[in-house]
Participant: 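Okay, handing you the structure first.
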Amino acid sequence: NSGVIGTGDADILVSLSHDHHPTKEYVRELRLRLNREFPGTMFYFQAADIVSQTLNLGLPAPFDVQVYGRDQVASRAIASRLMEKIRRVPGAVDVRVQQPADQPRLTVNVNREKSMELGLTERDVANSVLLSLSGSGQVQPTYWLNPKLGIQYTINIRAPEYVMDSISALESIPVSGGRAGEANGQLLANVADLERGQSATVFSHYDVLPVIDVFGGVSGRDLGGVLKDIQPFIEEAKKELPRGSFILIRGQAETMRTSYIGLGLGLVVAIILVYLLLVVNFQSWIDPLIIISALPGALAGVVWGLWVTHTTLSVPALMGAIMSLGVATANSVLVVNFARTNFREGAEATAAALTAGATRLRAVVMTALAMIIGMLPMSLGLGEGGEQNAPIGRAVIGGLLFATIATLLFVPVVFSLCHHGRKPKPESEIPDEAPRELEVAAI
């Protein structure tokens with residue numbers, strides 16, 4: 001789909017070679033050079049990959065501030081003021097109004113008195129101008145039959161474009177029509193006046209209402225931070241809206257909000273369900289709580305990994321966080337289950353926890369190390385489009401680094417504190433099969 005909206009617009013498609021660097025680096029360089037070397041010309045970049053195009057919901061920019069209502073003049077004025085404010089927000093780039101109103105226009109005003117004296121109607125004048133400038137293909141189709149081949153061709157008769165190069169050339173368009181013989185050989189200048197003006201090049205609607213779109217992209221910052229700075233401007237603009245007009249944010253911003261809410265709820269629900277499952281398996285409320293005490297360390301590691309690599313929070317990063325929580329829980333189960341076994345055999349709580357940490361050190365480190373090594377190539381963002389999945393690897397690596405430390409050091413300490421001064425239950429009262437099956441599954 002082409003993004004051009006007028007005769008003064010054009011699309012430039014840049015195809016990169018297979019060994020290219022990340023696309024955003026080329027976009028940033030082009031944005032700086034084009035705006036510096038061609039002042040007064042508006043440049044903007046559409047999404048270069050299919051993932052961003054999908055997240056944008058088919059829109060040509062990550063965020064779209066829509067001002068829609070019946071009063072198009074007021075909507076356009078509010079959209080223009082919003083555009084100027086959003087342009088000053090750090091990280092907001094390619095901010096523009098998608099429906100500009102500066103397209104040059106020539107209005108043909110027919111003098112009805114003169115045309116009636118010459119036996120012409122306004123329809124005759126309009127048809128003559130239309131046939132001369134646009135051709136006769138739609139109004140008066142003409143066909144030519146090739147006698148040799150028997151193939152019929154459509155013929156479009158129109159004035160050559162290179163001839164219509166001035167106002168005087170337009171005023172010299174012949175006008176015909178009316179009663180036979182009364183209006184032959186008249187010129188457009190005799191029956192009409194040409195008036196210069198400006199108009200919109202494209203008209204958009206949302207829910208039947210006319211809409212003005214303020215499109216914008218993000219560079220050097222995360223989308224959430226830019227939207228947070230834009231929100232006060234939108235709230236201020238809502239106070240200026242006339243009756244029956246509204247402002248709505250669409251695009252990737254809407255997708256981000258719904259995705260974060262869904263993944264955040266999924267993360268919380270997953271932790272709760274894992275805890276309840278561990279309660280059923282261990283027949284205890286305390287030991288599962290000890291197991292999930294390593295999860296805050298994993299979340300801290302995810303934040304640290306994203307911060308160190310200058311990676312913004314995104315849906316792939318949240319998916320990596322969920323993956324690291326799963327591995328952290330499995331490793332914590334190994335340590336706590338072994339500590340429970342030592343504690344039931346008569347060992348003191350602190351000694352049982354230390355023994356469990358030392359004994360399960362190899363298993364926990366091997367599990368985490370295998371996951372980290374497997375995610376290392378993805379975290380580097382190598383290859384074509386590799387930067388899209390890099391947040392998953394970086395979140396997993398950071399989460400597992402901190403989760404491993406928490407599992408081997410923090411979890412045994414929590415176990416010793418929770419079981420300090422307590423006596424283990426007799427062997428007959430503690431189901432032993434469920435934890436062993438869970439341990440095998442975790443391994």
Participant: Once you round to the nearest 0.5 Å, how far does CD of Glu195 lie from CG of Leu106?
Facilitator: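 CG of Leu106 is found 9.5 Å from CD of Glu195.
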
Participant: Taking Pro210's backbone N and O only, do any of them form a donor-acceptor pair with Gln72's side chain (distance below 3.5 Å, no angle check)?
Facilitator: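 Judged by distance alone, no pair lies under 3.5 Å.
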
Participant: Is the shortest side-chain heavy-atom distance between Leu133 and Arg158 below 4.5 Å?
Facilitator: no

Participant: For a quick test of your reading: what N or O donor-acceptor pairs under 3.5 Å do the side chains of residues 265-274 make, sequence neighbours left out?
Facilitator:
none

Participant: Which distance, rounded to the nearest 0.5 Å, do you find between the CD1 of Ile397 and the CZ of Phe402?
Facilitator: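 If I round to the nearest 0.5 Å, the distance is 13.0 Å.
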
Participant: Report, as yes or no, whether the 6.0 Å neighbourhood of atom CE on Met319 holds more than 12 heavy atoms from other residues, nucleotides or ligands.
Facilitator: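 Not more than 12 within 6.0 Å, no.
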
Participant: State whether a side-chain donor-acceptor pair under 3.5 Å links Arg394 with Ser379.
Facilitator: no

Participant: Does Asp213 come within less than 4.0 Å of Arg250, counting only side-chain N to carboxylate O?
Facilitator: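 So Asp213 does not pair with Arg250 through a salt bridge.
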
Participant: Do the side chain of Asn35 and the main chain of Arg31 share a donor and acceptor less than 3.5 angstrom apart?
Facilitator: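 Yes, the answer is positive, given that a donor and an acceptor are paired below the 3.5 Å cut-off.
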
Participant: So does Trp144 have more than 12 non-hydrogen atoms from other groups sitting under 6.0 Å from CH2?
Facilitator: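 Enclosed.
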
Participant: For the residue pair Met378 and Val396, establish whether any side-chain heavy-atom pair is separated by less than 4.5 Å.
Facilitator: no

Participant: So, does Arg96 use its side chain to make a donor-acceptor pair with the main chain of Asp94 at under 3.5 Å?
Facilitator: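 Flag set: sc Arg96 to bb Asp94 pair under 3.5 Å.
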
Participant: Do Val214 and Gln66 have side-chain heavy atoms sitting under 4.5 Å apart?
Facilitator: no

Participant: Under 3.5 Å, which donor-acceptor pairs do the side chains of residues 288-305 form with other protein atoms, sequence neighbours left out?
Facilitator:
| unit_1 | atom_1 | unit_2 | atom_2 | d |
| --- | --- | --- | --- | --- |
| Ser293 | OG | Ile290 | O | 2.4 |

Participant: Checking the side chain of Ser134 only, and the main-chain atoms of Leu131 only, is there a donor and an acceptor separated by less than 3.5 Å?
Facilitator: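 Checking the backbone N and O of Leu131 against the side chain of Ser134, no donor-acceptor pair under 3.5 Å is found.
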
Participant: In this structure, are over 12 heavy atoms from other groups packed under 6.0 Å from Arg123 atom CZ?
Facilitator: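 Open: at most 12 neighbouring heavy atoms sit under 6.0 Å from CZ of Arg123.
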
Participant: Does some side-chain heavy atom of Lys24 sit less than 4.5 Å from a side-chain heavy atom of Ser219?
Facilitator: no

Participant: Scan Val211, Leu209, Ile212 and name whichever one has a side chain to side chain contact (heavy atoms under 4.5 Å, CB included) with Ser75.
Facilitator: Ile212

Participant: Check whether any side-chain N or O of Tyr26 sits under 3.5 Å from a backbone N or O of Leu16 as a donor-acceptor pair, and report yes or no.
Facilitator: no

Participant: Under a 3.5 Å distance rule, please check whether Ser132 uses its side chain to pair with a backbone N or O of Val129 as donor and acceptor.
Facilitator: no

Participant: Between Glu84 and Arg81, is the closest basic N to carboxylate O distance under 4.0 Å?
Facilitator: no

Participant: Thr311 side chain to Trp307 main-chain N or O, any donor-acceptor pair under 3.5 Å?
Facilitator: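 No, Thr311 side chain to Trp307 backbone: no donor-acceptor pair under 3.5 Å.
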
Participant: So does Ala328 get a backbone contact from the side chain of Ser332, meaning a donor-acceptor N/O pair under 3.5 Å?
Facilitator: no

Participant: Does Arg33 have more than 12 heavy atoms from other residues, nucleotides or ligands lying within 6.0 Å of its CZ?
Facilitator: no

